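This one's a predicted model, so the numbers in the text were calculated from it and none came from an experiment. Every chain is numbered from 1 and lettered A, B, ... according to where its sequence line falls, protein lines coming before strand lines.
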Number of protein chains: 2
Amino acid sequence: MTALPRSCEMCVVRNRAVCSVLDGEELSVLNRIGRRQTLAPGQSLYWEGDDALLVGNVLEGVLKLTTSLSDGREQTVGLVYPSDFIGRPFGNTAGHSVTALTEARICTFAQSDFERFAEDHPKLEHKLYEKTLTELDRAREWMLLLARKSASERIATFLLEMSDRLRASGCAPLPGTLDRFELPFGRQQIGDVLGLTIETVSRRLTALKREGIIDLEGRRGIVIVDRAALEDQAQAGE
Amino acid sequence: MTALPRSCEMCVVRNRAVCSVLDGEELSVLNRIGRRQTLAPGQSLYWEGDDALLVGNVLEGVLKLTTSLSDGREQTVGLVYPSDFIGRPFGNTAGHSVTALTEARICTFAQSDFERFAEDHPKLEHKLYEKTLTELDRAREWMLLLARKSASERIATFLLEMSDRLRASGCAPLPGTLDRFELPFGRQQIGDVLGLTIETVSRRLTALKREGIIDLEGRRGIVIVDRAALEDQAQAGE
DNA sequence: CGCCAGGTTGAGCACGATCAAAGAGCGTGG
DNA sequence: CCACGCTCTTTGATCGTGCTCAACCTGGCG
């Protein structure tokens, strides 16, 4: 884990987070109202139903957004990577919990401070809007997966998306081929994302390995051996 | 169906659509770049994968957003009511089809015209942003439903949400109690929204009627007889 | 009256959940 | 260095919900 930078100027996500639309002047104002913090794996930033008083950017690590039913059933409704935005400005209570899956570094703002700043900077709000639209698109694609795809299709889709997003968010892939990476979490988490049980996840992964489409390295290592076959199984939408 | 108003000033959704943040001056500019149109039930505004060149507001009626897999499996990923916004500004291709479920009146804009207008009117973009955040919250709640809820719970949740949204969007409820309304579509559509088959929807609805929790009037009429019991079955989140 | 689309009901099946047990990886301490 | 204990994963056996396939019913309309 690299040292925290003193200013936003040299931030690892400077060019990809919402801050990318701000100039040096604006950035230093934002810098003053924010603070950086580190979360341990499993640590939550806030809980479903809380007044969500924080918003922020992910600098490093992966976090999950979860909703649950009163009887304990839980669903991961979003994964958040470096440069993604956390939280819901202009809202009251949080619709989901935010929990770190890996060790994570984030830079946070009091919701009210951030809102005030955003109101004066339409460029920033525009960027936020675009990020939210992308999130909405992703959520809807995931609805199709949860509602209509079989367990095998879900696993295949998940592995492909994981591979893409890890790469895009700057998480270093494992050495070797591009299609070799480390999952930031275990089987249970995969199940929570895909709406499956841990056993089903395990069985489908082993099946994919048996078929020679992927390879499993230790608990969390994944190698996509035959990407075409995996895409085939994923049944990508139209 | 009421006559189309000539200007935005007297529009039925004037106070609830994104236009609500604009003053008379701005509104008349917007008015000039927009056009009103009517869709018949089943008619699509655009298709998944199209270049989505249109955006707009729903004035009257209900539309659905759907995604599908190449083998024909289809999922409704959103329902759109009067005063809701349709389309994705600042994007390329549509992630879903937009189809009218009932006869619908909408006011549309060329995407590029609208974007240009929005860039000059941060207030408008702010309103759009808030609407998108609400949509995202709803999508995530629906993910929980699709991934974790049983068929009975889905039906119960659906009936409650339907009742609320129809009322909120100004669609007149049937006379009698407040909890009496007409579904804007048939059993197949319910299945497409809930990720269930038509047979399961039918069975669950009949069961609810047998238990005295709801009453079915003709093909599309619903009366919520025992709202508390229905809420109980819906297993609302935390 | 007959047709047809949409809805209901029934019987059997399959996929994934559940319950249960054994295996693998890993840090700790003797 | 290995034994121990813990967590996470894999594998197996059984069960149950909702899907599939198929027949029948209902209401609206020509």
Side-chain angles (χ1 to χ4, degrees), chain A residues 40-42 64 68-69 71-75 101-102 144-159 182-211 214-223 233 235, chain B residues 40-42 64 69 71-75 101-102 144-159 182-211 214-222 233 235:
Chain A
K64 65 172 178 177
S68 53
L69 295 169
D71 63 3
R73 279 173 286 176
E74 181 172 308
Q75 176 63 25
L101 291 171
T102 64
L144 177 66
L145 175 140
L146 294 172
R148 300 296 182 192
K149 286 191 178 178
S150 71
S152 318
E153 290 166 346
R154 293 184 202 195
I155 294 283
T157 308
F158 168 77
L159 291 176
E182 183 108 352
L183 292 172
F185 43 70
R187 300 286 183 267
Q188 179 62 60
Q189 282 308 322
I190 303 179
D192 286 349
V193 172
L194 298 178
L196 297 172
T197 59
I198 187 174
E199 293 96 330
T200 302
V201 172
S202 179
R203 278 187 249 268
R204 295 294 108 201
L205 282 174
T206 324
L208 283 174
K209 178 177 182 165
R210 216 173 20 239
E211 294 162 27
I214 64 168
D215 206 10
L216 303 172
E217 301 188 323
R219 298 195 159 174
R220 300 183 161 190
I222 300 280
V223 185
Q233 289 228 7
Q235 286 273 1
Chain B
K64 64 172 178 179
L69 295 169
D71 64 3
R73 279 173 286 177
E74 180 171 309
Q75 176 63 25
L101 291 172
T102 63
L144 176 66
L145 175 142
L146 294 172
R148 299 297 182 191
K149 286 192 181 178
S150 71
S152 319
E153 291 165 345
R154 293 185 202 195
I155 295 283
T157 308
F158 168 77
L159 290 177
E182 184 107 350
L183 291 172
F185 42 69
R187 299 287 183 265
Q188 180 62 61
Q189 281 308 324
I190 303 180
D192 286 349
V193 172
L194 298 179
L196 297 171
T197 58
I198 187 174
E199 294 95 329
T200 301
V201 172
S202 179
R203 277 188 251 267
R204 294 293 107 203
L205 282 175
T206 322
L208 283 174
K209 177 176 181 166
R210 214 171 24 236
E211 294 162 26
I214 64 168
D215 207 11
L216 303 172
E217 302 188 324
R219 298 196 157 174
R220 300 185 162 191
I222 299 279
Q233 289 227 6
Q235 285 274 358

Measure from [atom1] on [X] to [atom2] on [N] and round the result to the nearest Å.
X	N	atom1	atom2	result
Asp192(A)	dC8(D)	CG	P	13 Å
Ile198(B)	dT8(C)	CD1	P	8 Å
Arg187(B)	dG27(D)	CZ	C1'	13 Å
Arg210(A)	dT10(D)	CZ	C1'	11 Å
Leu196(B)	dT17(D)	CG	C1'	11 Å
Glu153(A)	dG16(C)	CD	P	9 Å
Phe185(B)	dG7(C)	CZ	P	11 Å
Leu205(A)	dT9(D)	CG	P	10 Å

Interatomic spacing from CG in Leu183(B) to OG1 in Thr102(B) - rounded to 0.5 Å: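 So the CG of Leu183(B) and the OG1 of Thr102(B) are separated by 12.5 Å.
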Working to the nearest 0.5 Å, report the span between CD of Gln235(A) and OG of Ser152(A).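 So the CD of Gln235(A) and the OG of Ser152(A) are separated by 10.5 Å.
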For the pair [X] (side chain) and [Y] (backbone), establish whether a donor and an acceptor sit closer than 3.5 Å, ignoring hydrogens and angles.
X	Y	answer
Glu182(B)	Ile222(B)	no
Arg187(B)	Glu199(B)	no
Asp71(A)	Arg73(A)	yes
Thr206(B)	Ser202(B)	yes
Arg148(B)	Glu74(A)	yes

Check: dT18(C) base within 3.5 Å donor-acceptor of Arg203(A) side chain: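 Checked by distance alone, the answer is yes.
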Can you say whether a donor on the side chain of Gln189(A) sits under 3.5 Å from an acceptor on the base of dC8(D), or the other way round?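 Result: no qualifying N/O pair found.
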For a quick check of understanding: with a heavy-atom distance under 4.0 Å over all strands, which category does Arg219(A) fall into, base, sugar-phosphate or nothing? base
Check every strand shown and say whether Gly191(B) touches a base, only sugar-phosphate, or nothing at a heavy-atom separation below 4.0 Å. nothing
Measure from the side-chain heavy atoms of Glu199(B) and tell me the nearest of dG12(D), dG18(D), dA22(D).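 Looking only at side-chain atoms, Glu199(B) lies closest to dA22(D).
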I want to verify a distance call: between dG7(C), dG16(C), dT18(C), whose nearest atom is closest to the Ser202(B) side chain? dG7(C)
Rounding to 10°, can you tell me the angle the first-five-pair axis of the helix from dC1(C)-dG30(D) to dG30(C)-dC1(D) makes with its last-five-pair axis?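 About 20°, once rounded to a multiple of 10°.
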Look at Thr200(A) and dC15(C) and indicate whether a side-chain polar atom (N or O) is within less than 4.0 Å of OP1 or OP2.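 No, no such contact exists.
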Looking at Thr197(B), I'd like to know whether one of its side-chain N or O atoms comes within less than 4.0 Å of OP1 or OP2 on dG18(D). no
Both Arg148(A) and Gln188(A) contact DNA chain D. Which one's nearest nucleotide lies toward the 5' end? Gln188(A)
